[in-house]
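Just so we're clear, the structure is a prediction, and the values are computed from it rather than from any experiment. Hydrogens, waters and symmetry mates are skipped; everything else that's a heavy atom, side chains included, is used. Both ligands and their constituent atoms are indexed starting at 1 by order of listing.
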Amino acid sequence: MKLPIEPSTRVLVLTGAGVSAESGIPTFRAAGGLWETHPVERVASPEGFRADPALVWRFYSERRAQARTCASNPGHHALAALEKRLGDRFLLVTQNVDGLHRRAGTERLVELHGNLFMSRCSRCDRPPFDDDTVYDAGKLPGCARCDRAGSFALLRPHIVWFGEMLDASHLARVERFMESAVSEGKLLFLAVGTSGAVMPAAALVDLARRLGGDTWLVNAEPADNASRFHHFVHGRSGEVLPSLVSP
Ligand code: BV8
């Protein structure tokens with residue numbers, strides 16, 4: 001089976017942990033997934049960070065150490081090849097924070113939930129910066145700029161935690177792409193490897209349908225929001241994507 005991509009088709013792809021799972025990165029909600037051993041409210045929320053920043057830094061340092069050993073997989077490469085073929089008729093919005101799409105060569109990319117390999121100051125307005133440091137357990141990294149100004153402020157992972165707003169410019173870029181797609185041609189919305197459990201990413205399919213787009217879901221199991229898609233392709237992303245998106 002192939003996606004129906006015509007010369008006027010614009011493709012918006014939404015990826016979730018099921019794409020990275022093919023690279024060996026644990027998903028969130030599967031049995032034995034990340035949230036099973038690390039309750040989300042304790043390690044992926046501002047409250048959790050305030051209550052126990054050392055636990056949160058240990059959680060993200062563990063994920064940095066793990067993600068660094070993983071390579072992109074055929075699913076990532078298939079999407080990077082689709083971008084090469086479509087150019088500005090392609091946009092990939094990911095919920096994943098592991099940086100594997102970028103490593104696979106994807107450039108037209110929106111990292112909706114942040115990036116594991118970036119940190120920022122929890123207080124000053126220093127821009128987020130590349131940081132792949134795996135901090136020792138109990139180590140609490142401080143902001144160098146605040147330190148120079150004579151006060152200690154914790155660094156935090158550049159991740160969107162639960163209860164935090166997403167970067168409005170990211171959502172605006174995705175909506176602009178969808179709206180221009182329908183005004184200039186046809187929109188095809190493809191979601192891959194996501195349970196559809198997290199808002200506002202999970203609502204993108206509804207916007208795509210409201211705009212008249214054709215919506216596809218590729219997932220290893222029926223996801224929470226599978227019924228909201230016109231087409232459901234049951235399978236593993238690394239196996240399905242290469243043929244699904246091929247010319
Ligand atoms: C916000 C960073 C304003 C952390 C993440 C409306 C209704 C209800 C709730 C809300 C709402 N609006 C806001 C909320 C609250 C909340 C939310 O959605 N809660 C849900 C859980 C009820 N949303 C927020 O807080 C967002 N902020 O909206 O601000 C606001 C705030 C409060 C109240 C109102 C408004 C911020 C959300 C961002 C949270 N941060 N990540 C980190 O990564 O450490 S989300 C986290 O979940 C990850 O980013 C992850 O990507 C994301 C989604 O999970 P999935 O990627 O889908 O992964 P999952 O494991 O769930 O599923 C994997 C799927 O793959 C499965 O279906 C599986 O079958 C499949 N699969 C597995 N292997 C394969 C495969 N498929 C194919 N091939 C395979 N090999």
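- A salt bridge between Arg103 and Asp98 is absent, with no side-chain N of the basic residue lying under 4.0 Å from a carboxylate O of the acidic one.
- Both the backbone and the side chain of Thr194 come within contact range of ligand 1, each with a heavy atom under 4.0 Å.
- Considering both main-chain and side-chain atoms, Ala17 comes within under 3.5 Å of ligand 1 through a nitrogen or oxygen pair.
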Test salt bridge (Lys or Arg N to Asp or Glu O under 4.0 Å) on Asp206 and Arg228; report intermediate values, then the result.
CA-CA 7 Å; Asp206 305 314; Arg228 286 147 65 186; 2.6 Å; yes
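- In this structure, the side chain of Arg108 engages the main chain of Phe90 through a donor-acceptor pair within 3.5 Å.
- Partner Leu79 forms a side chain to side chain contact (heavy atoms under 4.5 Å, CB included) with one of Leu92, Leu109, Thr94 and no other, that one being Leu92.
- Ligand 1 has no N or O atom lying under 3.5 Å from any N or O atom of Phe162, backbone or side chain.
- Nearest-heavy-atom check against atom 36 (C) of ligand 1 across Glu164, Glu22, His234 picks out Glu164.
- Heavy atoms of Gly238 stay at 4.0 angstrom or farther from ligand 1.
- The proximity of Leu166 to ligand 1, defined as any non-hydrogen pair under 4.0 Å, is limited to the side chain.
- Polar contact with ligand 1: present for Gly163 (N/O pair, distance under 3.5 Å).
- With a 4.0 Å cut-off on non-hydrogen atoms, Ala197 touches ligand 1 through its backbone and not its side chain.
- Comment: Arg145 engages Asp125 in a salt bridge, judged by a side-chain N to carboxylate O separation of less than 4.0 angstrom.
- Residue-to-ligand polar distances keep Val97 apart from ligand 1: every N/O pair is separated by 3.5 Å or more.
- Taking CZ from Phe129 and NE2 from His158, the interatomic distance works out to 10.5 Å, rounded to the nearest 0.5 Å.
- Taking only nitrogen or oxygen atoms, main chain and side chain alike, Met199 reaches within less than 3.5 Å of ligand 1.
- The closest non-hydrogen atom to atom 70 (C) of ligand 1, taken over Asn219, Thr15, Val240, comes from Asn219.
- The shortest N or O to N or O distance between Trp161 and ligand 1 is not under 3.5 Å.
- Ring geometry for Trp57 against Tyr135 counts as perpendicular: the plane angle is over 60°, on a 0 to 90° scale with 30° as the lower cut.
- When atom types are taken as modelled, the side chain of Glu179 and the backbone of Leu211 share no donor-acceptor pair closer than 3.5 angstrom.
- Of the candidates Gly16, Gly193, Ser237, it is Gly193 that places a heavy atom closest to atom 63 (C) of ligand 1.
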